[in-house]
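Have a look at the structure below before the remarks.
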Amino acid sequence: MPATIYYDADADLAALKGKTIAIIGYGSQGHAQAQNLRDSGLNVVVAQRPGGPNYELAKSHGFSPMSVEDAVKQADVINILLPDELAGDVYRAAIKPNLKKGAVLMASHGFNFHFGQIEPPAGHDILLVAPKGPGHLVRSEYVKGGGVPCLIALGPNASAETKKIGLAYAKGIGGTRGGVIETTIAEETETDLFGEQAVLCGGVSELIKAGFDTLVEAGYQPEMAYFECLHEMKLIVDLLYQGGLEYMRYSVSNTAEYGDYTRGKRIITDETRAEMKKILEEIRSGEFARDWILENRAGAAMFKSTRRREREHQLTHTGRQLRKMMKWIESKEV
Ligand code: NDP
Ligand code: MG
């Protein structure tokens, strides 16, 4: 079934006129959405904890950042744009006790709604408007007169009015200029987690490491392995981004294309596909969410030690040296 997609003409900013929108967290998404909404003529307040650069950024953008409690008390629409693993705690401590009658709760990712970490009392609808791009792009496209496409989804039993608020919100951040795809909170949450685990982050990281290790163990220089297995990933991804698999395969050499068709399926085997199904099932059953929530309750001990160990891989050291040789790369160090 093709998706339902909404554009500018399907959304009316009037649904948010006279209402106050609280943006909780002035990070990647928060800074972009708050400014776009304000530039669209809507009334925005920002909650941002003091002491860090985002507090100063909010001030320099002309907002008067306040506590979560104070922002929520005056808001008709509250968008929680905090790190997902912290949002539940902030919701329970500072948002839930201060909700105005009928206030709508929003997020840009469904994790906490779908897995029961944010369960507002009766009379408060849940609404998801999720830009399909990072905050800086949400802002820069809007300023240029364009917009990053968004997803929209409503919580169970949400009213028709809440849907109008959602479309108005998406219009306010520029989303309806690109197109707003209707989905469900379950679909957004499950596909987002699956994508990052199986393909984008988990899949790609392990693929790069396995390729690099194979070459290095066979006696090739790590510099060569880095170029072939990590650096050149960008060239391929750029082609994929512009024209899909067919354009990538059209652009690379015939030799590369032949190698792709005849060797790729030996890397992503039936066993890999079966494992992908298991990973999806762990997401759908809530097993992954439970693991991640408990991990955070335990101070993220395993998460932090794994992060440290992963950074000791030879790729880190080889990459640091090679990136210095390529001045055009805006090389980043963690
Ligand atoms: P960021 O990490 O960029 O920003 C988080 C914000 O939360 C910052 O303002 C930060 O303040 C604040 N914060 C962090 N810890 C605390 C705390 N303990 N108490 C109070 N405030 C805190 O988050 P993102 O913008 O990346 O993500 C926000 C939401 O948007 C998430 O639900 C994410 O899934 C979703 N999303 C993100 C996308 C992206 O590309 N980044 C894309 C689509 C959706 P401080 O600066 O002081 O730490
Ligand atoms: Mg995602």
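Counting convention: from 1, in listed order, for ligands and their atoms alike.
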Margin query: Measuring from non-hydrogen atoms of G52 to any atom of ligand 1, is the shortest distance under 4.0 Å?
Written below: no

Check: Measuring from the heavy atoms of P83, does anything fall under 4.0 Å of ligand 1?
Finding: yes

Margin query: For P131, which part has a heavy atom under 4.0 Å from ligand 1: side chain, backbone, both, or neither?
Written below: backbone

Next item on the list: Heavy-atom distances under 4.0 Å are what count here, so tell me which part of Q48 touches ligand 1: side chain, backbone, both or neither.
Entry: side chain

Margin query: Is there a polar contact, in the sense of an N or O pair closer than 3.5 Å, between G27 and ligand 1?
Written below: yes

Any side-chain heavy-atom pair of [X] and [Y] under 4.5 Å:
X: L81; Y: S108; value: yes
X: P131; Y: I173; value: yes
X: I78; Y: V104; value: no

Notebook entry, point to check: Looking at atom 37 (C) of ligand 1, what's its closest protein heavy atom, distance included?
Noted result: Q29 CG, 3.6 Å

Have a look at [options] and point out the one with the heavy atom closest to [atom].
atom: atom 21 (N) of ligand 1; options: L82, I24, L151, N112; answer: L82
atom: atom 26 (O) of ligand 1; options: P134, S67, A93, S28; answer: S28
atom: atom 18 (N) of ligand 1; options: R49, K132, H136; answer: R49
atom: atom 6 (C) of ligand 1; options: L81, L128, D89; answer: L81

Check: Can a cation-pi geometry be assigned to R284 and F194, taking NZ or CZ under 6.0 Å from the six-membered ring centre and within 45° of the ring axis?
Finding: no

Next item on the list: Kindly indicate whether a cation-pi arrangement holds for R177 with Y142, taking the cut-offs as under 6.0 Å to the six-membered ring centre and within 45° of the axis.
Entry: yes

Note to self: So if I count the atoms of ligand 1 from 1 in the order they appear, which ones are less than 4.0 Å from some heavy atom of D84?
What the structure shows: 31 (C), 32 (O), 33 (C), 34 (O)

Checklist line | Nearest-0.5 Å distance that lies between atom CG in N54 and atom NZ in K59 | finding: 13.5 Å

Notebook entry, point to check: Any donor and acceptor pair, going by atom type alone, linking the side chain of T316 with main-chain N or O of R311 inside 3.5 Å?
Noted result: yes

